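To keep things clear, I will list the structure first and then write my remarks on it.
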Amino acid sequence: MVRRKMHEKVTGELMAKAIQIDRLPESARNELYDFYEFLMSKYTPSVKRSRSVNGTKTAFFRKVSTLSFTLPSNYRFDRNELHER
């Protein structure tokens with residue numbers, strides 16, 4: 001119970017005041033910013049774009065087809081040549 005009252009008091013005080021980070025050194029500001037991003041990612045619901053599985057598969061195979069190529073008909077795979085130096 002005491003802990004909750006203390007939390008409410010601290011929360012209310014922080015809500016009423018702004019943190020002046022311009023007084024901090026740059027490295028401390030960067031750490032504070034990184035910590036803020038961590039808190040935002042942990043405590044805010046993430047918005048996920050919903051893509052259909054079919055659309056994802058289509059996009060994947062479209063990309064694969066742009067990178068695909070055909071081997072010559074007389075191509076012969078030789079492991080020894082592949083590992084030759």
Side-chain angles (χ1 to χ4, degrees):
M1 178 102 164
V2 173
R3 189 177 208 179
R4 183 175 179 163
K5 285 183 181 179
M6 187 169 53
H7 175 70
E8 289 173 359
K9 183 179 178 185
V10 171
T11 304
E13 288 175 6
L14 288 178
M15 292 289 202
K17 297 180 181 181
I19 299 173
Q20 297 175 347
I21 63 170
D22 57 331
R23 294 181 180 179
L24 296 172
E26 186 178 353
S27 60
R29 283 182 278 177
N30 289 338
E31 285 183 38
L32 188 59
Y33 181 72
D34 288 343
F35 184 64
Y36 174 76
E37 285 184 333
F38 163 74
L39 290 175
M40 290 299 292
S41 67
K42 183 175 180 179
Y43 293 108
T44 57
S46 61
V47 178
K48 294 181 181 179
R49 287 184 269 162
S50 62
R51 289 180 72 181
S52 67
V53 174
N54 198 17
T56 305
K57 285 182 181 179
T58 305
F60 172 76
F61 285 112
R62 190 179 314 124
K63 183 68 175 177
V64 168
S65 68
T66 61
L67 300 173
S68 297
F69 58 93
T70 55
L71 293 171
S73 59
N74 61 348
Y75 178 79
R76 191 178 68 99
F77 180 77
D78 185 4
R79 286 188 190 277
N80 292 331
E81 285 182 15
L82 179 67
H83 297 289
E84 206 171 84
R85 293 185 181 193

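Keep in mind that what you see is a predicted model, and the values were worked out from it rather than measured.
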Shared-cluster residues of Leu67, by chain and number - hydrophobic side chains joined below 4.5 Å: none
Sequence neighbours excluded, which residues qualify as side-chain contact (heavy atoms from CB on, under 4.5 Å) partners of Tyr75? Leu71, Pro72, Phe77
Report all side-chain donor-acceptor pairs from residues 34-41 shorter than 3.5 Å, counting only partners two or more places apart or in another chain.
from	atom 1	to	atom 2	distance (Å)
Glu37	OE2	Tyr33	OH	3.0
Ser41	OG	Glu37	O	3.4
Ser41	OG	Phe38	O	2.8

